[in-house]
Protein chains: 2
Amino acid sequence: MPNLLLKDLPRYECLLEAAKEFPDLDPSACEAFLHLLRTGDESARVVEANLARHNITQGRFGVLMILVNRCAGDTSTLGPAELADAAGVSRATMTGLIDTLERDGLVTREPDTVDRRMMLVRLTAKGRSLLGEILPDHFKNMTLLMSPLSEFERQTLVQLLTKIQAQAIKFTAPVSAAAV
Amino acid sequence: MPNLLLKDLPRYECLLEAAKEFPDLDPSACEAFLHLLRTGDESARVVEANLARHNITQGRFGVLMILVNRCAGDTSTLGPAELADAAGVSRATMTGLIDTLERDGLVTREPDTVDRRMMLVRLTAKGRSLLGEILPDHFKNMTLLMSPLSEFERQTLVQLLTKIQAQAIKFTAPVSAAAV
DNA sequence: GGCGAATAGTTAGGTGGCTAACCATAAACA
DNA sequence: TGTTTATGGTTAGCCACCTAACTATTCGCC
């Protein structure tokens, strides 16, 4: 009987045993699945620890990155809905993220004079500077995390993960069909 | 310049380009990392959708599963700290999870007469019954999600993920050293 | 021009994660 | 036996996610 996303991953032999009781349980699928979730979780924690040292979370960091990417010039802006779409979160959630980013002086928010429904979000110099501080270690950690894998293994991993992603998309309707 | 954990994963060529600006950025590591997080995220959503149909979340489901696993007989119990440890969350978080589970009649909670600091959590018949409803589809979805991969590919994936897990543990001190 | 539909951003309420602090109890030590 | 340390569960506050609902604005159609 497997535990899911728990501290101790069940061994394959335990899954074989559990499959006797649950005919729908495929031991190798279950094992791969649990390892995927666990490794993803642990990997996220690694980069989050680096971000936390700069008093920022993954979500807020993502918003800053989107602003840098989508705003070529210093004067460009994005609306909360665009940001939410790019970040893959709801507009309501994005309101909260922008709230705290604005509070910390990392972005500014002002009404759009052209479309009066819109707010315009802009990255501040402080926000840009913070990214400059964060990114070197961020990338180093990422590289270090993947260092046990050879170039070939990384490619293999990406290929396998891409297959799973393609399958996952089928579960969730055509909402994410615009990816890549 | 890469987006992180965003809706559109950057293509490898974009990462090569970005590496010119950021010397610490390793394109293949970054690509593998982003795919790992993205696939994990999407996979979690798949199983969560199934759980949501039964009005339960991943976290609460995990608690029920621990209770089933750790409590061989119907009369056995676990304390909140044990549950938190097994689930990999804090005791404070576990209090909230038990609160809602108790509210929904899926577990009971009573003081321990032997050790008066303790509460004892027990799975109810309703909780057990709910698991019985959930598990068939839960396992089926898991199997279906991994179906694009052959048995060999699944083994390969697990091996690669295990390497990353071992590396991730080094970042987070010996706290999780008891895994597997 | 007027009306209905669509869009934008925010609020309210809920859930689940965290840390720090708290009170109560048990265990360890002198 | 008394004191200190450790453990257990909960609370407060914060954050991030969601849905549903709301108000305001814009768009499309007649």
Side-chain angles (χ1 to χ4, degrees), chain A residues 4-7 37 41-42 44-45 48-49 51-64 77-104 106-121 172 175, chain B residues 5-7 41-42 44-45 48-49 51-64 77-104 106-121 172 175:
Chain A
L4 303 176
L5 244 198
L6 306 174
K7 198 162 169 185
L37 290 208
D41 198 47
E42 293 291 341
R45 286 178 199 266
E48 273 158 16
L51 295 179
R53 280 193 281 274
H54 298 273
N55 275 302
I56 193 163
T57 59
Q58 179 93 298
R60 300 184 345 132
F61 173 72
V63 174
L64 298 182
T77 58
L78 281 175
E82 284 176 280
L83 285 167
D85 194 49
V89 299
S90 70
R91 288 178 295 142
T93 299
M94 187 51 67
T95 297
L97 288 175
I98 296 169
D99 281 347
T100 59
L101 287 170
E102 185 186 32
R103 179 200 67 194
D104 295 345
L106 302 177
V107 305
T108 59
R109 176 161 46 181
E110 68 201 53
D112 185 351
T113 50
V114 177
D115 183 342
R116 303 232 295 290
R117 298 172 301 183
M118 303 269 293
M119 300 296 286
L120 301 176
V121 181
T172 56
V175 182
Chain B
L5 243 199
L6 308 174
K7 199 163 169 185
D41 197 49
E42 292 290 340
R45 286 178 200 265
E48 273 158 17
L51 295 178
R53 281 193 281 273
H54 298 272
N55 276 301
I56 193 161
T57 59
Q58 179 93 295
R60 298 182 347 128
F61 173 73
V63 175
L64 298 182
T77 60
L78 281 175
E82 285 176 279
L83 284 168
D85 195 47
V89 300
S90 69
R91 287 179 294 144
T93 299
M94 186 51 67
T95 297
L97 288 175
I98 297 169
D99 282 347
T100 59
L101 288 170
E102 187 186 30
R103 179 201 66 195
D104 294 345
L106 302 177
V107 304
T108 58
R109 177 161 47 181
E110 67 200 54
D112 186 351
T113 50
V114 177
D115 182 341
R116 301 234 294 290
R117 297 172 302 183
M118 300 270 294
M119 300 297 286
L120 301 177
V121 181
T172 56
V175 181

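Quick note on labels: first sequence line is chain A, next is B, and so on, each numbered from 1.
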Enquirer: At less than 4.0 Å, is any side-chain N or O atom of B/T57 found next to OP1 or OP2 of C/dT15? Yes or no.
Expert: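 B/T57 to C/dT15 OP1/OP2: no side-chain N or O under 4.0 Å.
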
Enquirer: Provide, to the nearest angstrom, the distance between the CG atom belonging to B/D85 and the C1' atom belonging to D/dG8.
Expert: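 Value for this atom pair: 13 Å.
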
Enquirer: For a 4.5 angstrom cut-off between non-hydrogen side-chain atoms, does B/L64 reach B/I56?
Expert: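 Yes; the side chains approach each other to less than 4.5 Å.
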
Enquirer: Using whole Å, report how far CZ of B/R103 lies from C1' of C/dG14.
Expert: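 Between C1' of C/dG14 and CZ of B/R103: 9 Å.
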
Enquirer: Could you check how far CZ of A/R60 sits from C1' of D/dC14, rounded to whole Å?
Expert: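 My rounded result for the distance is 12 Å.
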
Enquirer: I want to confirm an ordering. Mapping A/T100 and A/T113 to their closest nucleotides on DNA chain D, which one lands closer to the 5' end?
Expert: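 Of the two residues, A/T100 wins.
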
Enquirer: Just how far is it from atom CG of B/D85 to atom CE of B/M94, taken to the nearest 0.5 Å?
Expert: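 One finds 9.5 Å between CG of B/D85 and CE of B/M94.
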
Enquirer: Between atom CG in B/L83 and atom C1' in D/dT7, what is the gap in whole Å?
Expert: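 Whole-Å distance recorded here is 16 Å.
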
Enquirer: Between B/R109 and B/L120, is there a donor-acceptor pair closer than 3.5 Å when you use the side chain of the first and the backbone of the second?
Expert: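 Answer holds: no.
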
Enquirer: Once salt bridge (Lys or Arg N to Asp or Glu O under 4.0 Å) is applied, do any residues pair with A/E110, and if so which ones, sequence neighbours excluded?
Expert: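 Testing A/E110 for salt bridge (Lys or Arg N to Asp or Glu O under 4.0 Å), a comparison that skips the adjacent residues, returns A/R122.
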
Enquirer: For A/I56 and D/dC14, give me the distance from atom CD1 to atom C1', rounded to whole Å.
Expert: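 Interatomic distance, CD1 of A/I56 to C1' of D/dC14: 16 Å.
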
Enquirer: Send over the distance from A/D41 CG to C/dG16 P, rounded to a whole Å.
Expert: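 Whole-Å distance recorded here is 16 Å.
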
Enquirer: Using a cut-off of strictly less than 4.0 Å, decide whether A/R45 has a side-chain nitrogen or oxygen near OP1 or OP2 of C/dG17.
Expert: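 A/R45 to C/dG17 OP1/OP2: no side-chain N or O under 4.0 Å.
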
Enquirer: Among B/V63, B/I98, B/T108, which one satisfies side chain to side chain contact (heavy atoms under 4.5 Å, CB included) with B/V121?
Expert: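 Only one option passes, and that is B/I98.
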
Enquirer: Please report the interatomic distance CG(A/D112) to CE(A/M119), rounded to the nearest 0.5 Å.
Expert: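 CE of A/M119 is found 9.5 Å from CG of A/D112.
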
Enquirer: Write down the distance between CD (B/E48) and C1' (C/dT15), rounded to a whole number of angstrom.
Expert: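 Nearest whole value for this atom pair: 12 Å.
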
Enquirer: Below 4.0 angstrom, N of the basic side chain to O of the carboxylate: do A/R103 and A/D99 qualify?
Expert: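 Salt bridge: no.
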
Enquirer: Between the side chain of B/D104 and the main-chain N/O of B/L106, is any donor-acceptor distance below 3.5 Å?
Expert: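 No, the answer is negative, given that no donor and acceptor are paired below the 3.5 Å cut-off.
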
Enquirer: Out of curiosity, A/L101 CG to A/T57 OG1, how far, rounded to the nearest 0.5 Å?
Expert: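 A/L101 atom CG to A/T57 atom OG1 measures 8.0 Å (nearest 0.5 Å).
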
Enquirer: For a quick check, with a 4.0 angstrom heavy-atom cut-off, what is the B/S/- contact string for nucleotides 2-12 of chain C, read 5' to 3'?
Expert: -----BBBBB-

Enquirer: So if I take the C1' atoms of five pairs at each end of the helix from C/dG1-D/dC30 to C/dA30-D/dT1 and get each local axis, what angle do the two axes make, rounded to 10 degrees?
Expert: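 The angle separating the two end axes equals 10°.
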
Enquirer: Could you state the atom-to-atom distance from CG of B/L51 to C1' of D/dC17 in whole Å?
Expert: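 Distance check: B/L51 CG to D/dC17 C1' gives 17 Å.
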
